[in-house]
Engineer: 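Quick one: this structure, given as C-alpha cells, is what I'll be asking you about.
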Amino acid sequence: MNLAVPLRRPHLPPPVAASPFPYNPGSLLSAADLTLDEISHLLSRATALENQDPLIRDRILAKRRVALLFYESSTRTRTSFELAAKALGADTTLVSSLSSSIEKGETLKDTGLTLRALGAEAIILRHNSSGAPWLLEAETHLPVLNAGDGMHEHPTQALLDLRTILAHLRPGLETVTSETLAGVTVSITGDILHSRVARSNMLLLPRLGAKVVLCGPKELLPELAASVAPGISIERDFEAVLRQSQAVMMLRIQAERLAGLQLDLDQYKANYQLTGQRLAALAPEAIVMHPGPIIRGLEVTAGVADGPQSVILEQVSNGVAIRMAVVERALLAGKQGVRA
C-alpha cells in the first residue's frame with residue numbers, strides 16, 4: 001500500500017529580471033528618464049498607432065496583461081491609459097484603493113507582488129505619495145508607468161502636452177532636438193507648488209529649447225521652483241506673462257492641498273484668472289492649455305475654456321495616442337524594433 005503524498009506542481013510568480021535598477025527598460029517613471037531620441041520615437045509611434053487600422057493595431061499586445069493601480073481618483077488619465085492598452089489588444093484590470101485589499105491596509109509592495117503573481121506584465125500606477133512608482137518597480141521588477149505620484153511627476157501628461165504644443169506651433173514635426181522649441185515661451189500659471197504636471201513639463205520642455213515662465217502668488221509658487229531646470233523663470237505679473245506666451249497653461253487650484261495656506265481666492269481670481277478680455281488683449285494668438293479637471297470661474301472662465309484658442313480637449317485626445325506609444329514601449333521594449 002503506497003501512502004506517499006502525491007506531489008503538487010508549485011505555482012511560482014514570473015521570474016524577475018537580473019538587471020540593475022531601473023529593472024525594466026519599459027518603465028517610465030520621470031520625464032527626465034527619456035532621451036530626445038526616445039521622445040521623438042514616442043511621438044512618431046503615437047501618430048503611427050493613432051492612424052493604424054484598429055483591427056491590425058489590436059494584435060500588437062494581444063492578450064498581454066496590464067494592471068491599472070490607482071490610489072487616487074482619476075478620469076482622464078485612467079480612462080486614456082485603459083483605452084490605450086485595449087486599443088493595442090491588451091487585457092486590463094483596474095485596482096483602486098476603494099475596492100481592493102488596499103482598503104484593508106495592504107502595502108504597495110504586497111499589492112504589486114500580488115499583481116505580478118496574478119500575471120500582470122506591466123503596472124500603471126497613480127499614487128498619492130511621491131516616489132511610489134520607484135518603490136513599486138524596485139519590488140516587482142515589472143515595467144511601471146508613472147500616472148502621477150503625489151506632488152512629484154506626471155510624465156505622460158508632459159508628453160501629451162508636448163504633442164499638443166508641437167501640433168500648433170511646429171505642425172508636422174515629430175523628431176525633436178534641443179532647438180525644436182527655440183523662441184517659444186510656455187507659461188504655467190496656478191498651483192505650481194503642488195503640481196506634478198508642472199514639474200514634468202518643467203523637466204521636459206526646456207530640453208527642447210522652450211522658455212518656461214512660472215506665474216502665481218508666492219503661496220503657490222516658491223522662488224525655489226526656478227531652480228528645477230535651466231530655462232525656467234518666475235514672473236508674478238500675470239499680464240506680463242501673457243504678453244510673451246505662445247502657449248498658456250493654466251493649473252487647477254487644488255482646494256484639498258490648500259490647508260494652512262493664507263490664500264484669498266477672490267484676490268487670486270483678480271490677479272491670475274484667465275479671462276476672455278485678458279486673452280484677447282494680451283495673447284490673441286496663444287493656445288490655452290489645462291490638464292484638467294477645470295474649475296470654471298476660478299482659474300479660467302467658461303468662455304476661455306470653450307473658446308477658439310482652447311486646446312484642452314485636444315490634450316485629452318492626444319493622451320490616448322501618447323499612452324498607446326508608452327504602453328507599447330513598456331511591453332515591447334527591446335523587441336520588434338521598439339526602443340527602450
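Note that the numbering runs from 1 along the sequence shown for the chain.
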Engineer: Would you say Leu142 and Leu115 make side-chain contact, with heavy atoms under 4.5 Å?
Structural biologist: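 Leu142 vs Leu115: side chains apart.
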Engineer: Is the shortest heavy-atom distance from the side chain of Glu38 to the side chain of Asp33 under 4.5 Å?
Structural biologist: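 No, every pair of side-chain atoms sits at 4.5 Å or beyond.
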Engineer: Output every pair passing salt bridge (Lys or Arg N to Asp or Glu O under 4.0 Å) with a member in residues 199-210, not counting sequence neighbours, ordered by first then second residue.
Structural biologist: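 Pairs touching residues 199-210 that pass the test: none.
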Engineer: Under 3.5 Å, which donor-acceptor pairs link side chains of residues 86-95 to any protein atom two or more places apart or in another chain?
Structural biologist:
{"from": "Lys86", "atom 1": "NZ", "to": "Glu82", "atom 2": "OE2", "distance (Å)": "3.2"}
{"from": "Asp91", "atom 1": "OD1", "to": "Lys63", "atom 2": "NZ", "distance (Å)": "3.4"}
{"from": "Asp91", "atom 1": "OD2", "to": "Lys63", "atom 2": "NZ", "distance (Å)": "3.0"}

Engineer: Kindly say whether Ala84 contributes a backbone atom to a donor-acceptor pair with the side chain of Arg323 at under 3.5 angstrom?
Structural biologist: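 Not a single qualifying donor-acceptor pair exists.
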Engineer: Under the side chain to side chain donor-acceptor pair (under 3.5 Å) rule, collect the residues that match up with His290, sequence neighbours excluded.
Structural biologist: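 With sequence neighbours excluded, His290 shows a side chain to side chain donor-acceptor pair (under 3.5 Å) to Glu299, given in chain and number order.
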Engineer: Would you say that Arg170 contacts Val184 through its side chain, given a criterion of any heavy-atom pair below 4.5 Å between the two side chains?
Structural biologist: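 Yes; the side chains approach each other to less than 4.5 Å.
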Engineer: Tell me every residue that passes side-chain contact (heavy atoms from CB on, under 4.5 Å) with Val316, counting only those two or more places apart in sequence or in another chain.
Structural biologist: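 Counting only residues at least two positions away or on another chain, Val316 forms a side-chain contact (heavy atoms from CB on, under 4.5 Å) with Arg76.
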Engineer: Side-chain heavy atoms under 4.5 Å apart, restricted to Ile/Leu/Val/Met/Phe/Trp/Tyr: what other residues fall into the cluster of Val241, or is it alone?
Structural biologist: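 Noted: Val241 shares its cluster with Val213.
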Engineer: Can you check whether Tyr71 reaches Ser96 side chain to side chain, under 4.5 Å on heavy atoms?
Structural biologist: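 They are not in side-chain contact.
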Engineer: Applying side chain to side chain donor-acceptor pair (under 3.5 Å), can you list everything that pairs with Gln315, at least two apart in sequence or on another chain?
Structural biologist: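 Result, side chain to side chain donor-acceptor pair (under 3.5 Å) vs Gln315: Asp161.
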Engineer: Is it true that Val327 and Leu83 fall in one hydrophobic cluster, defined by side-chain heavy atoms closer than 4.5 Å?
Structural biologist: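 No, no single cluster joins them.
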Engineer: If you group Ile, Leu, Val, Met, Phe, Trp and Tyr by side-chain heavy-atom gaps below 4.5 Å, do Phe81 and Val320 land in one group?
Structural biologist: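 Phe81 and Val320: separate clusters.
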Engineer: Side chain to side chain donor-acceptor pair (under 3.5 Å) with Gln244: which residues, sequence neighbours excluded?
Structural biologist: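 Side chain to side chain donor-acceptor pair (under 3.5 Å) list for Gln244, sorted by chain: Lys211.
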Engineer: Could you check whether Arg78 makes a cation-pi contact with Phe70, meaning its NZ or CZ is under 6.0 Å from the centre of the six-membered ring and within 45° of the ring axis?
Structural biologist: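 Because its charged atom misses either the 6.0 Å distance or the 45° angle limit, Arg78 does not stack over Phe70.
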Engineer: Give me the one residue out of Asp149, Asn201, Thr77, Asn146 that meets side-chain hydrogen bond (donor to acceptor under 3.5 Å, both in side chains) with His154.
Structural biologist: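 When Asp149, Asn201, Thr77, Asn146 are each tested with His154, the side-chain hydrogen bond (donor to acceptor under 3.5 Å, both in side chains) holds only for Thr77.
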Engineer: Kindly write out the residues that satisfy salt bridge (Lys or Arg N to Asp or Glu O under 4.0 Å) with Asp306, not counting sequence neighbours, or none if the list is empty.
Structural biologist: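 Partners of Asp306 under the salt bridge (Lys or Arg N to Asp or Glu O under 4.0 Å) test: Arg296.
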Engineer: Is it true that a side-chain atom of Ser30 and a backbone atom of Ala32 form a donor plus acceptor pair closer than 3.5 Å?
Structural biologist: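 Judged by distance alone, yes, a pair lies under 3.5 Å.
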Engineer: Establish, from distance only, whether the side-chain atoms of Asp110 and Thr107 form a donor-acceptor pair under 3.5 Å.
Structural biologist: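 Yes, side-chain donor-acceptor contact under 3.5 Å.
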Engineer: Less than 3.5 Å apart, any donor N or O on the side chain of Thr140 or Arg116 sitting next to an acceptor on the other?
Structural biologist: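 Looking only at side-chain atoms, Arg116 and Thr140 do not form any donor-acceptor pair under 3.5 Å.
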Engineer: Leu265 versus Lys269: any side-chain heavy-atom pair under 4.5 Å?
Structural biologist: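 Side-chain contact under 4.5 Å: no.
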Engineer: With side chains defined as the heavy atoms from C-beta onward, is the minimum distance between Leu145 and Thr156 less than 4.5 Å?
Structural biologist: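 No, every pair of side-chain atoms sits at 4.5 Å or beyond.
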Engineer: Give me each pair satisfying salt bridge (Lys or Arg N to Asp or Glu O under 4.0 Å) with a member in residues 46-60, each pair once, sequence neighbours excluded.
Structural biologist: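 Applying salt bridge (Lys or Arg N to Asp or Glu O under 4.0 Å) to every pair that reaches into residues 46-60, excluding sequence neighbours, yields Glu50-Arg163.
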Engineer: Check Glu121 with Arg65, please: is the shortest side-chain N to carboxylate O separation under 4.0 Å?
Structural biologist: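 No, this pair does not count.
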Engineer: For the residue pair Glu153 and Ser200, confirm or rule out a side-chain donor-acceptor distance under 3.5 Å.
Structural biologist: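 Checked: Glu153/Ser200 side chains pair up, N/O donor to acceptor below 3.5 Å.
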Engineer: Give a yes or no answer on whether the side chain of Arg126 reaches the backbone of Gly150 with a donor-acceptor pair at less than 3.5 Å.
Structural biologist: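 Not confirmed, Arg126 side chain does not pair with Gly150 backbone.
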Engineer: Please check if the side chain of Glu235 supplies one atom and the backbone of Cys215 the other of a donor-acceptor pair under 3.5 Å.
Structural biologist: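 Not a single qualifying donor-acceptor pair exists.
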Engineer: Are the side chain of Ser245 and the backbone of Thr185 linked by a donor-acceptor contact shorter than 3.5 Å?
Structural biologist: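 Flag not set: sc Ser245 to bb Thr185 has no pair under 3.5 Å.
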Engineer: With side-chain hydrogen bond (donor to acceptor under 3.5 Å, both in side chains) as the criterion, how do Thr47 and Glu174 come out once you've worked through the C-alpha distance, each side chain's angles and the decisive distance to 0.1 Å?
Structural biologist: CA-CA 9 Å; Thr47 298; Glu174 291 176 341; 2.3 Å; yes
Engineer: For Ile253 versus Ile295, what's the shortest heavy-atom pair and its separation?
Structural biologist: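 That closest heavy-atom pairing would be O-CD1, 3.6 Å.
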Engineer: Could you tell me which residues satisfy side chain to side chain donor-acceptor pair (under 3.5 Å) with Arg243, sequence neighbours excluded, listed by chain and number?
Structural biologist: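 For Arg243 there are no side chain to side chain donor-acceptor pair (under 3.5 Å) partners, ignoring immediate neighbours.
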Engineer: How long is the straight-line distance from OG of Ser129 back to NE2 of His152, given to the nearest 0.5 Å?
Structural biologist: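 If I round to the nearest 0.5 Å, the distance is 12.5 Å.
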Engineer: Provide the full list of side-chain hydrogen bond (donor to acceptor under 3.5 Å, both in side chains) pairs with a residue in residues 272-286, sequence neighbours left out, each pair given once.
Structural biologist: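 Qualifying pairs, neighbours excluded: Glu239-Arg278.
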Engineer: Going through the distances and angles, do His168 and Gln246 end up as a side-chain hydrogen bond (donor to acceptor under 3.5 Å, both in side chains)?
Structural biologist: CA-CA 10 Å; His168 288 268; Gln246 286 76 51; over 6 Å; no
Engineer: Identify the heavy atoms of Ala31 and Leu203 that sit nearest to each other, and give their distance.
Structural biologist: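 In terms of heavy atoms, the two residues are closest at CB-CB, 4.5 Å.
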Engineer: Does a side-chain heavy-atom distance below 4.5 Å link Leu214 with Met202?
Structural biologist: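 Leu214 reaches Met202 side chain to side chain.
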Engineer: Under the side-chain hydrogen bond (donor to acceptor under 3.5 Å, both in side chains) rule, what pairs show up with a residue in residues 224-234, not counting sequence neighbours?
Structural biologist: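 Qualifying pairs: none.
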Engineer: Do Ser310 side-chain atoms and Ala305 backbone N/O form a donor-acceptor pair below 3.5 Å?
Structural biologist: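 Between the backbone of Ala305 and the side chain of Ser310 there is a qualifying donor-acceptor contact (under 3.5 Å).
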